[in-house]
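Below is one structure, written out as structure tokens; comments come after it.
Fair warning: this is a prediction, and the values are worked out from it, not measured in the lab. Within every chain, numbering begins at 1; the chains are lettered A, B, ... in the order of the sequence lines, protein sequences first and strands thereafter.
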Amino acid sequence: MKTSDLPFSVSFKLRTTSPYSFALTVHKPAGWSLLTPYEVFEDDTLWTAARFSSGEMHGLKITSSGKVNDASVICELFSQERPNTNETERLRQIVAWMLSAQENIRPFYALAERDSLVKALVHDLFGMRRTKRLDIFPQLILAVTLQMAPIERSDQMMTLLIEQYGEKVTFDGKEIMYWPSPEKIAKVSVTELKERCKLGYRAPFLKGIAEDVRMEFPTFRELEAMSAESAKARLMELKGIGDYSADIASPHPGFALDVWSARIFNLLLFGKEPKSPRALIPRLKKIAEKRWGEWRGYVFTYVLNDIPNLARRFKLNLEEL
DNA sequence: GCGTCCAGGTCTACC
DNA sequence: GGTAGACCTGGACGC
């Protein structure tokens, strides 16, 4: 595994719009990581890694000051070269965008006044934000490995991919492993991906995606600048990326329902388990769009991170799904 | 132990 | 355009 030491660092402070819960945003209750499964969260501080432009790796040490209604994020960014003033400002803006520090989520919270589910979610996870990432490839790996597999199996595939082909950065006394680059996966044979990462039929999909992404493919920010429909259509041009995976990888707020989450939403909305959850997915997506509009992505993220509380509050067996 | 079934999608061939 | 069947792997289940 390639290892990079990151001796230089710059620090900056980010102001946030209220409410902003740093801990809930960077360390989600359901266990989803901000940027890599190998990041470290201790004493309200996160050490993680990121691949920004040109494939360059950075280390991030992030913490916060203030309360949910008046929070600032304090970031120390580590790199191999000392960044100049312009580069520091560019990186500062990327981190602020990534952490949704300036996003106005008041309209989402306003939904709580007339929607009992949103009211419960806002109460339980006050100030939590959806986050973004600059490099699209890890998001596509996530989408592909989530297909047709229980979460333990998906974890196995993702862990093997990072351990076999990922990169490691060392900074501030920490070692953080990060996702492989598309350039790296494009060079690996399908047979090797199958054998070493247990990807099965997903191996040719992932190799093809890596080849496409490293050649000519929009960046995450370019996809964000497109309309939601155009971005999704572009993602679905990648072989192995269908409707569900495109919703996961797209920067636009989608409603990435799979069989498991369809069962959860059907229980939450109608109080019963669906007989055929897969067939119900298109209908549930339409309901979500009508009921929560552009905030349906937030509802999705909040629900998946609030299952124990929702199960207790609405007396549903959500945790057994 | 061993065989069978099937899962937190997608593609393709066939109608 | 709609839909059944195949696809890796590994855990659950029945015997």
Side-chain angles (χ1 to χ4, degrees), chain A residues 28-33 37 130 136-165 185 188-213 217 231-250 254-270 272-288 296-297 299-308 310-311 316-321:
Chain A
K28 297 276 191 300
W32 294 99
S33 54
R130 277 162 61 95
I136 187 90
F137 192 53
Q139 209 66 12
L140 291 165
I141 293 177
L142 174 71
V144 169
T145 53
L146 282 175
Q147 292 171 10
M148 204 61 184
I151 193 66
E152 294 80 11
R153 170 103 173 84
S154 303
D155 277 342
Q156 178 195 42
M157 290 184 272
M158 287 189 275
T159 300
L160 286 169
L161 273 165
I162 294 175
E163 288 177 351
Q164 299 286 333
Y165 305 110
I185 295 300
V188 182
S189 72
V190 168
T191 307
E192 188 177 314
L193 282 174
K194 279 187 184 178
E195 288 174 358
R196 294 177 72 171
C197 301
K198 301 189 186 299
L199 288 179
Y201 69 89
R202 302 168 192 84
F205 288 162
L206 195 63
K207 182 173 167 65
I209 290 167
E211 287 168 350
D212 288 347
V213 167
F217 197 79
K232 189 165 177 177
R234 185 70 184 89
L235 285 162
M236 287 176 69
E237 287 175 18
L238 297 167
K239 193 171 177 184
I241 299 297
D243 184 76
Y244 163 77
S245 299
D247 273 341
I248 286 185
S250 173
F255 207 69
L257 280 179
D258 49 30
V259 167
W260 171 72
S261 49
R263 291 166 75 192
I264 287 173
F265 273 92
N266 205 67
L267 266 168
L268 281 170
L269 298 178
F270 305 113
K272 61 182 180 184
E273 270 232 54
K275 285 181 183 167
S276 175
R278 198 180 294 280
L280 201 63
I281 288 173
R283 185 174 161 232
L284 284 170
K285 289 181 112 169
K286 280 186 183 165
I287 290 171
R296 62 194 185 281
V299 172
F300 190 82
T301 302
Y302 268 60
V303 165
L304 265 51
N305 282 285
D306 198 31
I307 287 174
L310 294 173
L316 299 169
N317 293 325
L318 299 174
E319 290 172 290
E320 292 173 14
L321 295 178

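Between F205(A) and W260(A), the residue anchored closer to the 5' end of DNA chain B is W260(A), taking for each the nucleotide with the nearest heavy atom.
As a whole-Å value, the separation of I151(A) CD1 from dG9(B) C1' is 14 Å. Atom-to-atom, CG of D258(A) to C1' of dT10(B) comes out at 14 Å; the value is rounded to the nearest Å. Computed from coordinates, the F255(A) CZ to dG8(B) P distance equals 18 Å when rounded to whole Å. In this structure, the OH atom of Y201(A) is 14 Å from the P atom of dG10(C), given to the nearest Å. Rounded to a whole Å, the CG atom of L142(A) is 11 Å from the C1' atom of dG8(B). In this structure, the CE atom of M157(A) is 9 Å from the P atom of dG10(C), given to the nearest Å. The interatomic distance linking L199(A) (CG) with dG9(B) (C1') rounds to 15 Å, in whole Å. The distance between atom CZ of R202(A) and atom P of dG9(B), rounded to the nearest whole Å, is 9 Å.
Residue S245(A) places its side chain closer to dG9(B) than to any other of dG8(B), dG10(C), dG9(B). Residue R153(A) places its side chain closer to dT9(C) than to any other of dC11(B), dG8(B), dT9(C). Side-chain proximity of P150(A) to the nucleotides dG10(C), dG8(B), dG9(B) is greatest for dG8(B). Of all nucleotides listed (dG8(B), dC8(C), dG10(C)), dC8(C) comes nearest to the side chain of M148(A).
Counting heavy atoms from C-beta on, the side chains of L146(A) and W260(A) never come closer than 4.5 Å. I281(A) places none of its side-chain heavy atoms less than 4.5 Å from the side chain of Y244(A). At least one side-chain heavy atom of F137(A) sits less than 4.5 Å from a side-chain heavy atom of I185(A).
Classified by interplanar angle (parallel below 30°, tilted 30° to 60°, perpendicular above 60°), the ring pair F255(A)/F300(A) is perpendicular.
Across all strands, E152(A) comes closer than 4.0 Å to no nucleic acid atom at all (heavy-atom distances). Residue S154(A) is classed as having no contact, given no heavy-atom separation below 4.0 Å to the nucleic acid. At a threshold of 4.0 angstrom between heavy atoms, the contacts of I241(A) are confined to the sugar-phosphate backbone, with no base atom among them.
For dG8(B) and dG2(C), the P atoms lie 27 Å apart once the distance is rounded to whole Å. Comparing dA13(B) with dC8(C), their P atoms sit 15 Å apart, to the nearest whole Å.
Pair check for dT10(B) finds dA6(C); Watson-Crick or G-U wobble, both atom distances under 3.5 Å.
In this structure, R283(A) is positioned above the aromatic face of F270(A), its NZ or CZ under 6.0 Å from the six-membered ring centre and within 45° of the axis.
The phosphate of dT10(B) (OP1 or OP2) has no side-chain N or O of K239(A) nearer than 4.0 angstrom.
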